[in-house]
2 protein chains.
Amino acid sequence: MSHTLGVRQAQKQRTRQALLDAALELLEEQSLSSLGLREVTRAVGVAPTAFYRHFPSTADLGVALVEEALGRLHPMIRTTVTPDGDSGERIARAVELIEGHVREYPSHVRFIARERHGGVQPVRAAIQEQLGRFTEEVRAELAKDPQSAGWHDDDLLMLAGLYVDQMLITASQFLETLDAPDGERRRVAETATRRLRLISVGRRHWTAA
Amino acid sequence: MSHTLGVRQAQKQRTRQALLDAALELLEEQSLSSLGLREVTRAVGVAPTAFYRHFPSTADLGVALVEEALGRLHPMIRTTVTPDGDSGERIARAVELIEGHVREYPSHVRFIARERHGGVQPVRAAIQEQLGRFTEEVRAELAKDPQSAGWHDDDLLMLAGLYVDQMLITASQFLETLDAPDGERRRVAETATRRLRLISVGRRHWTAA
DNA sequence: AATTCCGGAGAACAGTTGTTAACTGCATGG
DNA sequence: CCATGCAGTTAACAACTGTTCTCCGGAATT
């Protein structure tokens with residue numbers, strides 16, 4: 001079934017990935033709406049017109065980047081919220097996982113944070129869609145937790161959204177500490193942990209009115 | 001004391017404001033990092049070179065917009081968190097206030113949400129600074145509340161940050177419902193209310209360990 | 001009343017942008 | 001082995017960008 005794709009398509013996907021990588025790097029210091037197609041091809045070392053063989057416009061390049069940054073993140077999210085261990089352990093695990101992800105894929109995180117409210121509508125929509133899926137998956141995971149007994153589905157969705165937003169905020173705060181002294185990073189981790197803890201307390205004492 | 005400034009400076013501030021207004025409108029469909037100086041002057045009906053009489057670059061224009069959007073918002077924030085009435089009333093009041101502000105200054109809200117993580121560093125810094133001031137002011141207000149007895153200052157700051165971030169999230173969600181059916185807007189208000197309520201519950205049962 | 005100041009206009013610059021068309025060379029499928 | 005397909009190239013286009021320098025007219029100052 002895994003049809004090893006020919007020399008031709010392989011090379012195509014290679015330059016496509018090179019375009020994505022170059023764009024992601026250029027986007028560290030600007031927004032997608034100011035990213036020029038020539039700028040990207042120049043960085044890759046390819047003719048401007050070659051761009052069109054892969055993307056109709058830079059907006060579509062952006063949508064592809066959303067897939068790359070968030071598409072394969074769903075399993076990780078799922079296992080993070082899964083009800084293993086006590087509340088404190090789960091929170092610590094989640095914060096560490098976020099910190100690790102930011103350290104490993106900083107430009108992905110930056111791109112998502114930047115373009116979530118950015119100037120390119122299709123990209124905003126793609127991000128919203130992915131985040132919506134995250135929220136739904138978190139809700140489903142929360143529903144499994146015995147702690148959620150008696151909770152309305154609306155409230156579970158509310159809580160899931162709160163978690164997802166908090167995840168993004170934390171990630172973007174870690175991002176800002178990437179080339180800062182270690183103490184800053186510790187402080188962000190500490191504050192994020194306490195935020196989650198407070199939400200956790202609220203959750204425990206929530207009355208499903 | 002109110003020295004009515006001469007015809008000259010009055011006219012200058014007029015075109016300056018016109019530049020700000022035009023920029024804000026153009027920024028509804030793009031990011032600051034792609035906003036051209038000529039684009040702005042063209043919209044105002046003024047020569048490109050006139051721009052330099054007011055701002056060294058579009059980045060500085062952006063910083064000025066941050067002041068305009070957030071600078072005069074501090075009193076409002078302060079009174080929102082002030083401990084009057086019971087928790088439910090305060091939450092309802094806050095959500096209504098956010099909704100009203102978004103309806104009145106949608107482009108301000110959009111600009112802040114967009115450029116908070118945008119591609120122009122000085123603007124990001126200006127926004128961060130204003131939000132930091134908000135957080136500190138909220139912390140100070142929370143400290144007055146008898147409910148905060150025994151709270152560490154760190155925890156109060158954590159809670160204040162949580163409120164400020166939640167405020168921004170809610171504002172940006174209202175923004176997306178601006179030209180949507182009324183039901184959507186009601187749903188956003190409802191979810192925001194419940195989020196705040198959950199935080200409120202967490203706050204009430206917080207143990208200042 | 002004479003002089004300085006200064007917001008804005010005008011023209012020109014080198015460099016950039018997205019998009020088009022027609023091409024070349026090579027992997028692919030018959 | 002030959003014909004087709006197609007990723008990438010080359011050249012050219014009109015339009016646009018930020019920035020400089022020189023100038024103008026009228027308010028502000030003396």
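Each chain gets a letter, A, B and so on, in the order the sequences are listed, and its residues count up from 1. Heavy-atom basis, side chains included; hydrogens, waters and symmetry copies ignored.
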Item to complete: Examine the base of C:dT19 for any acceptor or donor lying under 3.5 Å from a partner atom in the side chain of A:Thr49, and report the outcome as yes or no.
Response: no
Worksheet entry | Whole-Å gap separating C1' (D:dT17) and CD (B:Gln30) | 13 Å
Worksheet item: Expressed in angstrom and rounded to an integer, what is the separation of A:Gln9 atom CD from D:dG5 atom P?
Response: 15 Å
Worksheet entry | Pair of N/O donor and acceptor under 3.5 Å linking D:dC6 base with A:Arg8 side chain | yes
Discussion item. Between C1' on D:dA7 and CZ on A:Phe55, what's the gap in Å once rounded to a whole number?
Written reply: 14 Å
Worksheet item: Do B:Tyr52 and B:Thr41 come within less than 4.5 Å of each other through their side chains, counting heavy atoms only?
Response: no
Discussion item. For a 4.5 angstrom cut-off between non-hydrogen side-chain atoms, does A:Ile169 reach A:Gln173?
Written reply: yes
Fill in: Any donor-acceptor N or O pair under 3.5 Å, side chains A:Arg14, A:Gln11
yes
Worksheet entry | Close side-chain approach of A:Met167 to A:Ile77, heavy-atom, < 4.5 Å | yes
Discussion item. Under 4.0 Å, counting only non-hydrogen atoms across every strand here, what does A:Arg16 touch: a base, just sugar-phosphate, or nothing?
Written reply: nothing
Worksheet item: Closest to the A:Arg53 side chain: C:dA27, D:dA7, C:dA9?
Response: D:dA7
Discussion item. Could you tell me how far apart A:Leu26 (CG) and C:dT17 (P) are, to the nearest whole angstrom?
Written reply: 11 Å
Practice prompt. Enter the distance from A:Glu39:CD to A:Thr58:OG1 here, rounded to the nearest 0.5 Å.
Written response: 10.0 Å
Practice prompt. Rounded to the nearest angstrom, tell me the gap between atom CD in B:Gln13 and atom P in C:dG8.
Written response: 11 Å
Discussion item. Need one value for B:Ser57: base, sugar-phosphate or nothing, where a base atom within 4.0 Å counts as base even if backbone is also close, heavy atoms only.
Written reply: nothing
Practice prompt. Take atom NZ of A:Lys12 and atom C1' of D:dG5, then tell me their distance rounded to the nearest Å.
Written response: 11 Å
Discussion item. Please compare B:Arg38 and A:Pro48 by the position of their nearest nucleotide in DNA chain C and report the one closer to 5'.
Written reply: B:Arg38
Worksheet, complete the sentence: Separation of D:dG25 atom P from B:Gln11 atom CD, nearest Å, is 17 Å
Discussion item. Need one value for B:Tyr52: base, sugar-phosphate or nothing, where a base atom within 4.0 Å counts as base even if backbone is also close, heavy atoms only.
Written reply: base
Worksheet item: Please give, in whole Å, the distance from C:dT17 C1' to B:Leu37 CG?
Response: 17 Å
Discussion item. What's A:Arg42 touching, base or sugar-phosphate or nothing? Going by heavy atoms closer than 4.0 Å.
Written reply: sugar-phosphate
